[in-house]
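All values derive from a computational prediction rather than experimental measurement. Order of the sequence lines fixes the chain letters, A, B, ..., with proteins taken first and strands second; residue numbering starts at 1 for each chain.
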Amino acid sequence: MTDSKKAPARPALKAVRGTRDLLPDQTPLWNHVETTARNLFARYGFGEIRTPVFEATELFARGVGEETDIVSKEMFTWEDRARAASEKPQTLTLRPENTAGVVRAYIEHQFANSGALQKLYYIGPQFRRERPQRGRYRQFWQIGAEVIGPPSSGSESPLRDAEILEMLATLLDELGIRGWQLELNSVGSAQDRVHYNETLRAALQPIRSQLCADCQRRADTNPLRVLDCKVPEDQPLIDTLPRIADHISADSRAHFDAVRAALDACKVPYHLNPRLVRGLDYYTRTTFEFTVTTGLGTQNALLGGGRYDGLSEMLGGPRAPGIGFAIGEDRLILTLQAQQQEDARTSGAASANLLDAYIAPLTPAQNPAALALARELRAANLKIEVGDGSFKLRKSFETANSLARHIILLGEDEAGSELYTVKTFASGEQVKVPRANLPELLAGV
RNA sequence: GCGGCUAUAGUUCAGUGGCAGAACGCCGCUCUGUGGCAGCGGAUGUCGUGGGUUCGACCCCCACUGGCCGCCCCA
């Protein structure tokens, strides 16, 4: 080592803004969420897809929409070097969402030719250059799924919409998320949306001067977003605006009614929200959000999704209607953690994730035997930590008590005999057992 | 991207223009093959970074960076 104060002061290296480390005290919960989701998706016939974390910028520009906030100001984009002088450099982007990538893969691998309905899920990081906040990070994780295929595969069926929603309700229930609410709406077909936009624009003209500054701007740039306004004073006026539900085609209405009928049959509760507008251009017909009240502050949307009947064609592919969703995994975890804290306050119980045993060699001479014993017990699928013979016995006990349910002493007494001294912390009982009986003893509580 | 609040020990947080603090945790001892409890003792640290004001700045001012809250938007 060098002298203590010689090193020149340098700024410490830190995880960059909006990114973070997930440490061992958190990762078990993440793995639990992901395992639960994988098992559930498998039961519904979904297969996993993993697409690249970066794609050609054009994919998102065309898929998500040039005018959306995501594409216009939130993407991490850079220019890749040209490989040859004759080649133009390519503009690449870290994926801000995963649906466009999945649909790109669907087209690229000619899934449509199979004629089959594709059910695909993904779990992975996404990237958006936003101001970080609770429940909003620059690298965040989404668990999502897509159902897509040629119309002949039934991809347009309202049954698919309802199945997705029912699956999500089941997932949140299985994870133990309490108090979730499903917000449901239909924004109509692409054509419906064009017509409704004009209707809305016209209706906004006479009242726009009475609206908040943001809404006055939205009235021009994106009238649909006026419906999303949260300023209390604007609400009475917004309530007078024409509703999407009254301006969608008979087909779209029938589709939406069928989705609702199937949800009712499955007893999935939902809340019709005629103002639910989603920010990505590709959404058509059914749109939805699941919200919670615990742990997320104003970022109360746990997941969102909807139908995207025209996306494949927007990306140059065949007609392939689809529906999908993305769960904000970070937000799901925040909600679960907030719930756990609530529970801890009421019950006071905090369950520790303890190892099965801590092996304490009493002198350095026992270290090799201790490691050999650990190897044997770990092979028997037990969770084991090994101390060091230089530790004082007191320290071994203290360390063992914080890490494990049992301590195994390994000293001169034990070395000669084949009997091991094992103490169980919960009961305070201490016994001597033969080596062969160790796994059974340690596995018990 | 805009506005507000904030940054002190491993952690949670006090603090005053003049020697850097508490609790918990950590280490040691009481206690040399027996932990939890208790007592005693000890170390905590570029006071986020860089400038400025001042005889003197952890404190006041500015900038930057990070975090939190709200807006925008989204998961």
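Rounded to a whole angstrom, the distance from the C1' atom of B:C5 to that of B:G39 is 43 Å. Straight-line distance between the P atoms of B:U49 and B:A57: roughly 15 Å, to the nearest whole Å. Taking the C1' atom of each, B:A9 and B:C47 are spaced 10 Å apart, rounded to whole Å. Rounded to whole Å, the C1' atom of B:A23 lies 37 Å from the corresponding atom of B:C55. For the C1' atoms, the distance from B:A7 to B:C19 is 24 Å, rounded to whole Å. Spacing of P atoms, B:C64 relative to B:G4, comes out at 13 Å, to the nearest Å. For B:G48 and B:A20, the P atoms lie 14 Å apart once the distance is rounded to whole Å. Using P as the reference atom, B:C2 and B:C72 are 16 Å apart when rounded to the nearest Å.
The stretch residues 125-148 of chain A comes close to RNA chain B through A:Arg128, A:Arg129, A:Glu130, A:Arg131, A:Pro132, A:Gln133, A:Arg134, A:Gly135, A:Arg136, A:Tyr137, A:Phe140, A:Gln142, each having a heavy atom under 4.0 Å from the strand.
Atoms OH (A:Tyr358) and P (B:G36) sit 15 Å apart, rounded to a whole Å. B:C74 atom P lies 15 Å from atom CZ of A:Phe288, rounded to whole Å. Look at NZ on A:Lys14: it is 6 Å from C1' on B:U65, rounded to the nearest Å. In this structure, A:Ile70 places its CD1 atom 9 Å from C1' of B:A75, rounding to the nearest Å. When the C1' atom of B:A75 is taken as reference, atom CD of A:Glu74 falls 11 Å away, rounded to whole Å. In this structure, A:Asn401 places its CG atom 5 Å from C1' of B:G35, rounding to the nearest Å. A:Leu168 places its CG atom 12 Å from the C1' atom of B:A75, with the value rounded to the nearest Å. Counting to the nearest Å, the P atom of B:G36 and the CD1 atom of A:Ile407 are 12 Å from each other.
Residues A:Thr99 and A:Glu146 have side chains that bring a donor and an acceptor to within less than 3.5 angstrom of each other. A donor and an acceptor atom, one from each side chain of A:Thr57 and A:Thr91, are nowhere located under 3.5 Å apart. With hydrogens and angles left out, the side-chain atoms of A:Ser252 and A:Asp192 include a donor and acceptor closer than 3.5 Å.
For the pair A:Arg260 and A:Tyr270, the cation does not sit on the ring face, since its NZ or CZ is not both under 6.0 Å from the ring centre and inside 45° of the axis.
The partner of B:C29 is B:G39, judged by Watson-Crick or G-U wobble contacts that both fall below 3.5 Å. Pairing for B:G1 is with B:C71, a Watson-Crick or G-U wobble pair whose two hydrogen-bonding atom distances lie under 3.5 Å. Base pairing annotation: B:C13 forms a Watson-Crick or G-U wobble pair with B:G21, both donor-acceptor distances under 3.5 Å. Nucleotide B:A7: paired with B:U65 (Watson-Crick or G-U wobble, both distances less than 3.5 Å). Nucleotide B:C60: paired with B:G52 (Watson-Crick or G-U wobble, both distances less than 3.5 Å).
Residues A:Gly328 and A:Arg17 each lie close to RNA chain B; by heavy-atom proximity, the contact nearer the 5' end of the strand is made by A:Arg17. Projected onto RNA chain B by closest heavy-atom contact, A:Gly18 and A:Ala301 fall at different nucleotides, the more 5' of which corresponds to A:Gly18.
Looking at A:Thr335, A:Leu168, A:Leu334 one by one, the single match for side-chain contact (heavy atoms from CB on, under 4.5 Å) with A:Leu302 turns out to be A:Thr335. Screening A:Phe41, A:Phe325, A:Phe46 against A:Tyr121 for a ring-ring contact (aromatic ring centres under 6.0 Å, His included) leaves a single residue, A:Phe41.
Taking the six-membered ring where tryptophan is involved, the planes of A:Phe76 and A:Phe127 are perpendicular, since the angle between them exceeds 60° and thus also 30°. Between A:Phe425 and A:Phe397, the angle of the ring planes goes over 60°, which puts this pair in the perpendicular group of the 30/60° scheme.
In this structure, A:Gly428 reaches the bases: a heavy-atom distance under 4.0 Å links it to at least one base atom across the strands shown. If you check every strand for non-hydrogen atoms under 4.0 Å, A:Phe425 touches a base. A:Asp69 comes within 4.0 angstrom of the backbone, heavy atoms only, and of no base.
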Query - Summary of protein contacts for nucleotides 27-33 of chain B, nucleotide by nucleotide, where a base hit scores B, a sugar-phosphate-only hit scores S (4.0 Å, heavy atoms) - result: --SBB-B
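Ion pairing of A:Glu398 with A:Lys395 is absent here, as no side-chain N (NZ or NE/NH1/NH2) approaches a carboxylate O to less than 4.0 Å.
You'll find the side chain of A:Glu97 reaches within 4.5 Å of the side chain of A:Val64, heavy atoms only.
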**Report entry** Worked check of side chain to side chain donor-acceptor pair (under 3.5 Å) between A:Asp161 and A:Thr286
**Finding:** CA-CA 7 Å; A:Asp161 305 48; A:Thr286 310; 2.7 Å; yes
